[in-house]
Amino acid sequence: HKTTETGTTLHMEVEEHCEPPEFKKRRKHFSMDTIKAAVEGISRQDVPCTGPPNINNIISMFNRFAASTTDSCGNRLSEPIILDGDIILGQDRVKLVAHEFGWPHRVTSFYFVLRYCMSGGAGGRGLSVSPQAGQEPFSRSLWIKAMLILQADTPELLKTKLRDYFIAIKSQKDEFIRFYTFCFSCMNFENKRCMELRLVQNALICIVGQCSPFTYTFAQFLNTSSYRGLNYDQWRNFLWFSFSVRP
């Protein structure tokens with residue numbers, strides 16, 4: 001794929017030749033074997049064990065987002081909400097967090113994994129995930145809980161732990177389905193019925209990538225389709241289609 005920047009808006013254009021040639025040659029039925037093969041190909045960085053996470057460091061990481069006054073474009077940010085002793089970030093500040101973890105300007109982003117961990121895996125164990133599951137308030141208490149689960153108390157360690165968590169999610173079919181479904185509401189900051197196509201394209205490559213033989217073809221198709229956006233059901237159906245149809 002290629003990205004172009006116009007003003008402050010990032011556009012992504014998916015081209016036919018952007019699909020890795022070695023993957024294009026070996027198109028397969030989408031299965032967990034395909035996912036596991038992709039997972040095994042990811043290099044994992046060894047992280048030295050430094051003992052229990054430092055709670056003060058964890059709070060300081062959160063406070064950096066809570067204390068920011070402007071976003072990357074210089075726009076004034078809303079004040080955090082204090083509720084029952086907890087601190088909740090507004091959606092403009094959540095976008096700041098998303099940008100820190102690579103969304104939506106990079107196709108390698110761990111923002112969705114962070115939100116999934118903060119939600120406790122979207123709650124429950126079934127495959128059904130509410131379209132609003134990723135809209136849970138971004139609070140300090142949930143941040144601390146997630147950092148303790150991940151055993152991370154520095155930005156560098158956190159990104160490494162999120163990568164490892166993403167690998168673990170992709171290694172379990174049911175968990176991957178739940179995570180994929182969760183991601184739609186997680187990127188839907190304005191709570192729209194349909195997501196912009198450029199975000200859908202970026203998210204598909206970021207979340208599914210080579211785990212489906214249809215990712216790049218579908219992303220390219222969206223460039224020329226009459227669709228203005230994809231809704232929750234259409235987003236979810238792409239994965240079910242990948243599971244059930246042979247290319």
Side-chain angles (χ1 to χ4, degrees), residues 1 3-4 6-14 30 71 73 75 77-78 81 88-99 101-107 109-124 126-139 142 169 174-209 211-212 214-245:
H1 72 283
T3 57
T4 56
T6 306
T8 58
T9 304
L10 188 70
H11 301 279
M12 188 179 81
E13 190 174 326
V14 179
F30 183 66
D71 62 17
C73 298
N75 299 315
L77 296 171
S78 63
I81 300 171
I88 300 173
L89 303 186
Q91 286 291 63
D92 52 353
R93 291 181 181 274
V94 176
K95 287 182 180 181
L96 197 66
V97 178
H99 191 273
F101 289 93
W103 179 254
H105 57 289
R106 297 181 59 190
V107 292
S109 169
F110 297 116
Y111 169 67
F112 300 119
V113 187
L114 171 64
R115 294 304 304 269
Y116 192 68
C117 185
M118 290 179 68
S119 74
L127 296 182
S128 177
V129 177
S130 166
Q132 287 77 41
Q135 296 294 321
E136 190 171 17
F138 197 107
S139 67
L142 291 179
I169 290 171
D174 288 355
E175 196 70 28
F176 180 66
I177 293 173
R178 288 167 50 74
F179 172 70
Y180 173 86
T181 307
F182 169 85
C183 289
F184 181 86
S185 59
C186 192
M187 64 178 163
N188 193 1
F189 290 108
E190 279 79 33
N191 200 22
K192 297 178 180 178
R193 185 175 180 274
C194 294
M195 289 302 305
E196 298 175 43
L197 292 186
R198 69 179 184 88
L199 294 180
V200 171
Q201 290 173 313
N202 218 353
L204 285 173
I205 294 173
C206 170
I207 298 162
V208 182
C211 292
S212 168
F214 304 106
T215 303
Y216 297 92
T217 303
F218 184 62
Q220 180 198 2
F221 161 75
L222 292 177
N223 283 332
T224 56
S225 73
S226 58
Y227 288 103
R228 298 184 63 183
L230 258 66
N231 62 32
Y232 173 75
D233 289 332
Q234 291 167 328
W235 166 263
R236 187 176 54 178
N237 287 343
F238 171 79
L239 192 63
W240 291 117
F241 176 85
S242 294
F243 269 115
S244 60
V245 178

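Contact check for M118 versus F138: side-chain heavy atoms found under the 4.5 Å cut-off. Residues R178 and Y116 have side chains in contact (heavy-atom distance under 4.5 Å, counting atoms from C-beta outward). Two residues are said to be in side-chain contact when any heavy atoms from C-beta on lie closer than 4.5 Å; T181 and Y232 meet this criterion. Using a 4.5 Å heavy-atom cutoff, the side chains of L204 and Y180 are in contact. Counting heavy atoms from C-beta on, the side chains of C186 and Y111 come closer than 4.5 Å. Under the 4.5 Å side-chain criterion, counting only non-hydrogen atoms from C-beta, F101 is not in contact with V113. In this structure, the side chains of F184 and M195 come closer than 4.5 Å at one or more pairs of heavy atoms. Put simply, the side chain of V97 does not reach to within 4.5 Å of the side chain of R115, judged on heavy atoms.
The shortest non-hydrogen separation linking S78 to G90 is OG-CA, 4.2 Å. Here the shortest heavy-atom pairing between I88 and P137 reads CG2-CB, 3.8 Å. Taking both residues in full, the closest heavy atoms of F176 and L239 are given as CE2-CD1, 4.0 Å, listed atom of the first, atom of the second, then distance. Of all heavy-atom pairs between Y227 and L197, the closest is O-CD1, 3.0 Å. Among all heavy-atom pairs drawn from D71 and L96, the shortest one is CA-CD1, 4.0 Å. Closest approach of C194 to G229, counting heavy atoms only: CB-C, 4.1 Å.
With hydrogens and angles disregarded, no donor-acceptor distance shorter than 3.5 Å links the side chain of E175 to the backbone of I169. The backbone N or O of G209 sits less than 3.5 Å from a side-chain atom of T215, completing a donor-acceptor pair. The backbone N or O of F182 lies less than 3.5 Å from a partner atom in the side chain of S185, making a donor-acceptor pair. When atom types are taken as modelled, the side chain of R193 and the backbone of N231 share no donor-acceptor pair closer than 3.5 angstrom.
Remark: I205 CD1 to Y216 OH distance equals 5.5 Å, nearest 0.5 Å. Note that CG of L230 and OG of S225 are 8.0 Å apart. Values are rounded to the nearest 0.5 Å. To the nearest 0.5 Å, atom CG of residue N202 and atom CD of residue E196 are 11.5 Å apart. Atoms CZ and CZ, from F179 and F112 in turn, are 7.5 Å apart once rounded to the nearest 0.5 Å. For the atom pair CE of M187 and CD1 of I207, the computed distance is 6.0 Å after rounding to the nearest 0.5 Å.
F218 and F238 have parallel rings, their planes meeting at less than 30° on a 0 to 90° scale where 60° marks the start of perpendicular. In this structure, H99 and H105 have parallel ring planes: the angle between them is below the 30° cut-off, well short of the 60° mark.
With respect to the salt-bridge test (charged N to carboxylate O, under 4.0 angstrom), the residues K95 and D92 do not qualify.
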